[in-house]
Engineer: 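Structure incoming, see below.
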Amino acid sequence: MKANVTYWLDQTAQRLPDKTAFADERKAVTFGELRTQAMAIATQILAKGLFKKPVVVYLEKGVDVLVSFMGAAYSCNFYSPIDIDMPASRVNKILEVLQPSLVITTAELSEAFRQYAYEGEYLLFEEVSCAAVDEEAVEAARCRGIDTDLLYVLFTSGSTGVPKGVTINHRAVIDYIDWVTETFEITEKDSFGNQAPFYFDNSILDIYSTIKSGATTYIIPKNLFAQPVPLLEYLQEKKINTIFWVPSALIVVAKLKAFRNVDLSGTLQRVLFCGEVMPNKQLNTWRKFLPDVLYANLYGPTEITDACTYYIVDREFADEEPLPIGRPMANTDILVLNDKNEPVTGDEIGELCVRGTSLSMGYYNNPQKTKEAFVPNPLNPYVPETIYRTGDLVKYNEYGEIIYLSRKDFQIKHMGHRIELGEIETAVSSLEEIALCCCLYDEKRQKIVLFIEAQLDKAYINERISGLVPEYMLPGKVIALPKMPINANGKIDRVKLKELL
Ligand code: AMP
């Protein structure tokens, strides 16, 4: 039994050494090069005596990030990417949780990294990726590793302002990618067009399906997502036949009806999406222009290795109908529990909970948050068994498919990004002029709305908090109130605020 995802790379590099594995705007690596460079990095990591330790990857999005990920995996350590555009205070919070002793970066980026609260070691990508490989040392480390050792930690928004590090082990990714490649019949003939940032778990599907099957992934330049026609031309030029994007990216293309200018009918075969609600209105535009494509709605949080349910679109939907999130993937069980922790019946609404191999092992270095979300299965009092409570409210339709309804809490999805409104409130509250504030999401206008009890405007607030939260969390509208409405419990009255949207 292979307990490490890098065994896939060994096999593919042997089978297809000269085939392009990943390509970005500036460079490409073949499977052979990917393996050699990753092994070189692994050799250097092991030379530092690290085993099962966090390795931060601080690089611009591109091929080098993936080489570094594989380097960490070969050495039986686990990677955690940090976005180079992330505000310093958030990077510091992540470093505090992770306590890494190694970062892979470039000489140039290491200058920026030195401003953070980090005293560990540096590996410079340009030096280590071409260093000598010690196959024996790497193999010895891999043999000591087991499949429940961590592969990566991805940080998501945390309501208290401290990002949560979702831990995922090798087995979970192996399980998920086996399912993906079998279900969608991914082979070396396929080409992915990657949209997801590598700190977002949708990218797992592109990365590991490619490594396992010998497909090719093109990392699409980010700026193309604001220009639908050049974006589709890019897909055509690179002969990309499979995309797995957040609905927001698909919606932009649909709204501008970019298909009128570029005919992808002979190229695109699979359009997969995950991460937020995909409205049928926009999906219907895609389906009208590209009727022969396979469309699939995948659903799941980072805590369950990208996705846990799926629906392959197999019938017509009216624009206003919800698109099902479908049924559980293989080797995954979904429990929909009501307020009494009992399975729902009929079309009763309940919280979607997940059981299975692909469950995260918890939030890194955060037992409190782990205990809240990863709980004992209330339906199995006989042996300890963990389920993950997603916080998503769902129900079954007449076909036995799951329909996503809403969230139980204040987590939102904005342009594909997972955001805890509490994280924005924590940042705003830290400003001395602010006594009370509250954030709501205006679903209709797709705007984060901030209410404050202070006479300050959006430009001022956003400038002040831009060093605390990522750009995508900045409020799109600020409403200054003379007095914040308070409910009978003495809390900010969110219902009243909603009426002001
Ligand atoms: P993330 O951890 O960033 O993948 O975000 C997970 C959350 O995104 C889930 O808990 C849902 O609230 C939402 N989500 C993911 N996929 C879907 C989907 N297909 N339809 C509706 N909501 C989704």
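As the structure lists them, so they are numbered: ligands from 1, and atoms in each ligand from 1. Because only heavy atoms are used, hydrogens play no part in the values below, and waters and symmetry mates are left out as well, while side chains stay in.
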Engineer: Indicate yes or no: does K222 engage E60 in a salt bridge with an N to O separation below 4.0 Å.
Structural biologist: no
Engineer: L298 near ligand 1, heavy-atom distance under 4.0 Å?
Structural biologist: yes
Engineer: So does R287 pair up with E316, basic N to acidic O under 4.0 Å?
Structural biologist: yes
Engineer: Just let me know how K413 lines up against ligand 1, side chain, backbone, both or neither, with a heavy-atom cut-off below 4.0 Å.
Structural biologist: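 Only the side chain of K413 comes within reach of ligand 1.
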Engineer: Counting heavy atoms only, which part of F273 comes closer than 4.0 Å to ligand 1: side chain, backbone, both or neither?
Structural biologist: neither
Engineer: Is it true that K395 and E348 make a salt bridge, defined as a side-chain N closer than 4.0 Å to a carboxylate O?
Structural biologist: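 Looking at K395 and E348, the cut-off is not met.
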Engineer: If we set the cut-off at 4.0 Å for heavy atoms, which region of N297 has an atom near ligand 1: side chain, backbone, both, or neither?
Structural biologist: side chain
Engineer: Pick whichever of G326, G275, A307, G300 has a heavy atom sitting closest to atom 4 (O) of ligand 1.
Structural biologist: G300
Engineer: Is it the case that the side chain of E425 and the backbone of C439 share a donor-acceptor pair, with hydrogens and angles ignored and the cut-off at 3.5 Å?
Structural biologist: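 Side chain of E425 to backbone of C439, a donor-acceptor pair under 3.5 Å: yes, one is there.
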Engineer: Can you tell me the protein heavy atom closest to atom 7 (C) of ligand 1 and the distance?
Structural biologist: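 The closest one turns out to be Q411 NE2, 3.9 Å.
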Engineer: In terms of atom number and element, which parts of ligand 1 are under 4.0 angstrom from non-hydrogen atoms of R407?
Structural biologist: 10 (O), 12 (O)
Engineer: Looking at ligand 1, is there an atom of it that comes within less than 4.0 Å of some heavy atom belonging to I325?
Structural biologist: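 A heavy atom of I325 does come that close to ligand 1.
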Engineer: Between E401 and R315, does any side-chain N to carboxylate O distance fall below 4.0 Å?
Structural biologist: yes
Engineer: Between the side chains of K52 and D149, is the shortest nitrogen-to-carboxylate-oxygen separation below 4.0 Å, so that they form an ion pair?
Structural biologist: yes
Engineer: Please state which part of V277 comes within less than 4.0 Å of ligand 1, counting heavy atoms only: side chain, backbone, both or neither.
Structural biologist: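 The part of V277 near ligand 1 is both the backbone and the side chain.
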Engineer: Report, in ascending order of atom number, the atoms of ligand 1 lying under 4.0 Å from any heavy atom of T302.
Structural biologist: 1 (P), 2 (O), 3 (O), 4 (O)
Engineer: Does the plane of the ring in Y472 sit parallel, tilted or perpendicular to the ring in H417? Use 30° and 60° as the thresholds.
Structural biologist: parallel
Engineer: Provide, to 0.1 Å, the distance between atom 20 (N) of ligand 1 and the closest protein heavy atom, together with that atom's residue and name.
Structural biologist: E276 O, 3.3 Å
Engineer: Only heavy atoms of D201, strictly under 4.0 Å: list the atoms of ligand 1 that pass.
Structural biologist: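 Reading through ligand 1 atom by atom, the close ones are 4 (O).
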Engineer: Provide, to 0.1 Å, the distance between atom 6 (C) of ligand 1 and the closest protein heavy atom, together with that atom's residue and name.
Structural biologist: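 Nearest neighbour among protein heavy atoms for atom 6 (C) of ligand 1, to 0.1 Å: P301 CA, 3.4 Å.
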Engineer: Once you measure the plane-to-plane angle for F259 and F289, does it fall in the parallel (<30°), tilted (30-60°) or perpendicular (>60°) bin?
Structural biologist: parallel
Engineer: Taking only heavy atoms of F200 into account, list the atoms of ligand 1 that are under 4.0 Å away from them.
Structural biologist: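 Listed by number with element: 3 (O), 4 (O).
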Engineer: Please write down residue, atom name and distance for the protein heavy atom closest to atom 12 (O) of ligand 1.
Structural biologist: D392 OD1, 2.7 Å
Engineer: In plain terms, say whether R407 and D409 are close enough for a salt bridge, that is, a side-chain N and a carboxylate O under 4.0 Å apart.
Structural biologist: yes
Engineer: Quick one: which ligand 1 atoms are inside 4.0 Å of a heavy atom on R418?
Structural biologist: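 Here the atoms of ligand 1 in question are 1 (P), 2 (O), 3 (O), 5 (O).
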Engineer: If the test is side-chain contact (heavy atoms from CB on, under 4.5 Å), which one of T305, T302, L151 qualifies with I168?
Structural biologist: T305
Engineer: Side chain or backbone of Y299 under 4.0 Å from ligand 1, or both, or neither, by non-hydrogen atoms?
Structural biologist: both
Engineer: Any donor and acceptor pair, going by atom type alone, linking the side chain of Q282 with main-chain N or O of A254 inside 3.5 Å?
Structural biologist: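 Between the backbone of A254 and the side chain of Q282 there is no qualifying donor-acceptor contact (under 3.5 Å).
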